[in-house]
Participant: 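Provided herewith is a single structure, encoded as structure tokens, for subsequent inquiry.
First the proteins, then the strands, lettered A, B, ... as listed; each starts at 1.
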Amino acid sequence: MKIQVRGLSRTFVAAGRAMPALVDVDLDVAEREFVCILGPSGCGKSTLLNIVAGFLRPSAGDVLVDARAVQGPGSDRGVVFQEYVLFPWLTVAGNVEFGLRLKATPPAERRAIVGRYLELVGLAAHAEKYPVQLSGGMKQRVAIARALANNPAVILMDEPFGALDAQTREVLQDELGRIQRVEHKTVLFVTHSIREAVYLADRVVVMTSAPGRIKQVFTLKLPEVRDRFAPDFTHYESEITRVVKEEVAKVHE
Amino acid sequence: MLLTSVPAMMEWGLGGPPLPSRRALRWRLTALLAFVALWSVAGGLVQLTRPFNPIFLPAPWVVLGALAELAWKGQLWPHVGATLERVAIGFTTGAALAVLLGLLAGQLRSVRRVIEPVVELLRPIPPLAVLPLFIVWVGIGEGSKVGFITYATFFPMFVSTVHGVAQIDPRLLRAAESLGARRRDLFVRVILPAALPDVLTGLRLGVALSFFVIVISEFVGAERGLGYLINDGRNFFLVPQMLGAAVLLGLLGYAGNGAVRLLERRVLRWQQPL
């Protein structure tokens with residue numbers, strides 16, 4: 001198992017009151033597997049991702065990546081954030097090679113890697129631009145290339161397409177699907193879009209509304225290249241929608 | 001969104017108006033020429049009709065003449081040089097101290113807890129109020145003048161440096177750490193570049209303030225300097241000399257500001273949308 005989440009709980013303290021965000025979550029992600037965490041807002045899915053990334057400490061339980069316990073953030077876990085979070089003072093190429101420079105990769109090799117990933121995300125022509133000159137979709141492509149170029153063991157994506165408009169969002173989903181067929185990374189992907197999850201994932205983990213637990217796991221038996229209008233695609237979509245709706249309804253009760 | 005608001009803030013705070021277009025430049029020149037023309041007419045009229053002694057309102061050419069005469073006699077450059085030297089030493093020392101301490105205070109909460117209350121206590125005191133203290137402590141020589149500039153410029157530069165470090169988007173630090181950055185990498189590769197716009201804003205304030213306070217300290221017990229020239233002009237009723245020195249101070253301040261702007265434009269290229 002690439003990622004092992006064991007009995008993970010996290011409680012936040014707000015105004016003197018303990019608010020459990022995650023309760024007893026167990027999850028295994030296999031090598032090269034693409035797992036989507038799906039759930040209503042506030043279900044703790046981002047908390048889960050932040051703990052795996054090492055940004056947050058769990059209240060109980062632990063996370064192992066390649067059998068090593070997560071102690072803090074590290075280059076073995078690449079992160080793609082919802083709000084891009086590029087270094088604005090670095091060019092596109094500078095952002096992509098950030099991790100390689102830290103590792104002191106020789107320049108020739110660095111250039112080759114940067115070129116390859118910019119090519120992969122379709123930004124080879126924009127290498128010398130600054131983030132301020134890019135659209136949201138382009139920024140997120142840079143962020144994806146930056147994470148991939150560092151060659152992490154796993155990639156964690158926190159609603160990476162959440163800030164994009166619907167069209168750009170689908171284009172980037174297509175591209176991420178294509179990239180995954182080339183790169184075969186182990187990915188943990190948080191989203192609240194059911195369609196997005198069914199389009200990208202090998203497995204979809206549906207979480208309960210707060211406090212977050214795992215409600216149900218769907219292993220998708222769909223072809224590698226997916227068709228959003230195929231009958232079994234829409235079947236999964238409506239099946240998962242039904243399960244998610246139960247949770248959303250609970251929030252409103 | 002913090003990331004996009006930083007460039008927006010900077011555009012408002014220090015970028016100022018965009019590079020003057022041809023038309024804007026023409027307007028500027030016209031306004032300047034109009035001002036000088038108005039001054040010339042007023043000066044000329046006073047000289048012709050003599051409603052009061054024309055020495056009180058010399059025309060621009062009289063001021064220029066006075067400067068030219070001083071320059072011709074070799075008496076101008078020592079004053080300009082003295083002022084520039086004091087500003088250069090005082091400002092550089094102030095900037096070095098402010099940026100170093102500011103980066104340290106921005107990084108380490110313990111340092112901030114010690115320095116910030118002291119700074120907040122001293123900062124509201126107008127620097128001019130402590131000039132006599134400097135003179136009592138250090139004497140009326142170069143030390144008190146240079147030290148006074150250092151003291152006065154320290155505060156805005158320190159505060160903006162601390163602000164620059166404190167306002168860094170924590171997500172940038174997380175992103176860097178996820179790419180393998182350690183503490184030292186974070187400082188060099190994230191905190192420094194992210195704080196740079198605010199540091200440069202502070203430097204610009206510091207340069208302006210340097211020329212502001214040097215004049216007053218040169219009023220007191222100086223033998224050279226543009227401030228001395230003004231005070232000397234007052235003693236001997238040399239109004240053209242007073243105005244000339246003031247104009248020179250203005251030009252020097254303008255050049256100092258322009259120099260920092262040029263630096264900003266070079267190192268903050270990443271903030272320009274195109």
Participant: Under 4.5 Å from any heavy atom of chain B, what part of A:Asn50 do you find: side chain, backbone, both or neither?
Facilitator: side chain
Participant: Please look at A:Phe55 and chain B and tell me whether the side chain, the backbone, both or neither of the residue comes under 4.5 angstrom of a heavy atom of that chain.
Facilitator: both
Participant: Less than 4.5 Å to any heavy atom of chain A: does that hold for the side chain of B:Val267, its backbone, both, or neither?
Facilitator: neither
Participant: Name the region of B:Arg189, side chain, backbone, both or neither, that has any atom closer than 4.5 Å to a heavy atom of chain A.
Facilitator: both
Participant: If the threshold is 4.0 Å, N to carboxylate O, is there a salt bridge linking B:Arg171 and B:Asp169?
Facilitator: yes
Participant: Check A:Gln180, A:Arg141, A:Gln140 against A:Glu175 for a side-chain hydrogen bond (donor to acceptor under 3.5 Å, both in side chains) and give me the one that passes.
Facilitator: A:Arg141
Participant: When heavy-atom pairs shorter than 4.5 Å are enumerated against chain B, which of A:Lys103, A:Lys129, A:Arg146 gives the highest number?
Facilitator: A:Arg146
Participant: Thinking salt bridges, do A:Glu33 and A:Lys2 make one under a 4.0 Å N-O criterion?
Facilitator: no
Participant: Quick check for you: among A:Gly99, A:Gly74, A:Pro152, which has the greatest number of heavy-atom pairs under 4.5 Å with chain B?
Facilitator: A:Gly74
Participant: With under 30° as parallel and over 60° as perpendicular, where do the rings of A:Phe87 and A:Trp89 fit, or are they tilted in between?
Facilitator: tilted
Participant: One thing to verify: whether B:Glu120 and B:Arg123 come together as a salt bridge, which I'm taking to mean a side-chain N less than 4.0 angstrom from a carboxylate O.
Facilitator: yes
